[in-house]
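A note on names: the letters A, B, ... follow the listed sequences, proteins ahead of strands, and every chain is numbered from 1.
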Amino acid sequence: MARVVVDVMPKPEILDPQGQAVANALPRLGFDGITAVRQGKHFELEVADDVDDATLAKIAETFLANPVIEDWTVRRVEA
Amino acid sequence: MRVGVITFPGTLDDVDAQRAVRYADGEAVPLWHGDHDLKGVDAVVVPGGFSYGDYLRCGAIARFAPVMQEVIEAANKGMPVLGICNGFQILAEAHLLPGALVRNHKLHFVCRDQWLSVENNTTAWTTRYDEKAEILVPLKSGEGGYQADQKTLDELEDNGRVVFRYVGENPNGSRNNIAGITNAKGNVVGLMPHPEHAIDALTGPTDDGLGMFLSLLDTVVKA
């Protein structure tokens with residue numbers, strides 16, 4: 001078994017109102033110096049050894065992310 | 001006219017969509033998300049709600065439901081399909097319509113009666129309207145912001161594929177004030193506002209939404 005991490009982020013040109021709301025809240029909470037926040041999703045998959053990278057990319061592209069509005073990365077990490 | 005209305009776990013507006021079909025003298029045929037056939041219907045409505053709890057993304061899981069594989073196949077062959085609200089999100093996720101619906105730009109869930117302009121009265125679902133007619137129907141969504149890249153927007157605009165546009169202040173940050181679009185053939189239409197809630201002045205703001213279901217009747221009778 002391996003652990004695979006898929007990160008999904010809104011594309012830079014897509015408005016991210018949730019990230020903006022977080023960014024706007026920070027100064028109110030006394031945290032200064034944060035100029036921008038973008039909010040995405042982080043998936044951790046436990047994957048059998050025989051699942052290849054192409055399959056993982058397909059999972060990310062067709063299901064975990066919507067490529068119309070989101071970019072994604074897949075990486076294998078130490079479990 | 002037999003019109004299938006799909007129910008997914010979390011669908012809310014299937015009963016109103018069925019009622020709207022009956023108001024247009026059609027027979028409403030309930031379809032379940034796990035169905036593998038469309039029961040011989042002439043058209044399909046994918047209604048609003050929160051299919052599968054909106055988990056992952058709105059419509060992302062519903063798109064893979066067994067009944068949707070049948071809908072995708074039938075839509076590509078020309079069957080009229082209407083996606084309302086969550087149904088629009090599902091059709092976008094299923095690539096029957098381009099673009100995507102994202103969180104409203106001001107983050108608030110918007111629930112109000114909304115004026116729309118009919119931009120295309122040649123689709124399977126809009127022939128009963130005059131071009132540029134303004135209609136008042138409920139809008140109730142948290143993720144109704146229509147987004148697409150510039151190339152897609154240009155293609156929609158240049159080919160008259162924007163079917164409905166918001167009139168007045170943009171309620172959710174949709175690009176080009178887009179409330180609804182159609183595919184290249186004009187048989188698949190998706191919109192965020194709810195025509196099925198505006199079919200009788202007794203229970204809705206107007207009966208302006210009924211025109212979509214009467215348009216379908218004309219389309220099916222002609223076919």
Side-chain angles (χ1 to χ4, degrees), chain A residues 3-29 31 34-48 51-77, chain B residues 51-65 68-69 72 86 88-110 141-156 170-178 181 183 190:
Chain A
R3 175 165 294 174
V4 169
V5 168
V6 179
D7 285 309
V8 175
M9 291 298 293
K11 284 180 185 283
E13 66 271 24
I14 297 284
L15 182 70
D16 174 21
Q18 295 179 103
Q20 284 181 353
V22 173
N24 292 340
L26 289 170
R28 285 204 303 276
L29 300 173
F31 299 106
I34 316 295
T35 56
V37 175
R38 292 186 74 73
Q39 178 179 321
K41 298 190 186 99
H42 174 96
F43 299 87
E44 295 180 349
L45 286 64
E46 301 299 328
V47 174
V51 177
D52 62 14
D53 289 350
T55 302
L56 293 171
K58 194 173 177 196
I59 290 168
E61 179 158 24
T62 60
F63 189 44
L64 298 182
N66 179 347
V68 174
I69 48 171
E70 294 168 327
D71 294 324
W72 51 269
T73 59
V74 175
R75 63 181 198 277
R76 292 176 184 267
V77 298
Chain B
S51 57
Y52 302 94
D54 275 352
Y55 290 177
L56 188 58
R57 290 178 308 279
C58 305
I61 298 176
R63 165 205 170 182
F64 292 104
M68 280 306 298
Q69 309 322 303
I72 292 166
N86 188 219
F88 184 14
Q89 295 164 336
I90 293 167
L91 297 184
E93 283 281 346
H95 307 304
L96 286 175
L97 293 170
L101 286 308
V102 304
R103 187 66 62 101
N104 293 350
H105 64 329
K106 290 178 183 165
L107 289 170
H108 292 286
F109 189 98
V110 172
S141 44
E143 304 194 33
Y146 182 76
Q147 295 287 332
D149 60 25
Q150 193 58 47
K151 183 166 161 278
T152 304
L153 281 176
D154 291 344
E155 194 180 314
L156 291 174
N170 189 328
N172 50 26
S174 290
R175 294 196 72 183
N176 295 19
N177 291 309
I178 288 173
I181 58 172
N183 64 344

Interface residue of largest heavy-atom contact number with chain B, from A/Leu15, A/Val68, A/Ile14, under 4.5 Å: A/Val68

Tell me which of these, B/Val102, B/Leu107, B/Ile61, has more heavy-atom pairs under 4.5 Å with chain A than the rest. B/Leu107

Please list every donor-acceptor pair closer than 3.5 Å that links chain B with chain A, giving the two atom names and the distance for each.
unit_1: B/Leu56; atom_1: O; unit_2: A/Lys41; atom_2: NZ; d: 3.0
unit_1: B/Arg57; atom_1: NH1; unit_2: A/Phe63; atom_2: O; d: 3.1
unit_1: B/Arg57; atom_1: NH1; unit_2: A/Leu64; atom_2: O; d: 2.9
unit_1: B/Arg57; atom_1: NH2; unit_2: A/Phe63; atom_2: O; d: 3.0
unit_1: B/Arg63; atom_1: NH1; unit_2: A/Thr62; atom_2: O; d: 3.1
unit_1: B/Glu93; atom_1: OE2; unit_2: A/Asn66; atom_2: ND2; d: 3.3
unit_1: B/Arg103; atom_1: NH2; unit_2: A/Gln18; atom_2: OE1; d: 3.4

Test ring-ring contact (aromatic ring centres under 6.0 Å, His included) applied to B/Phe64 - qualifying residues, sequence neighbours left out: A/Phe63

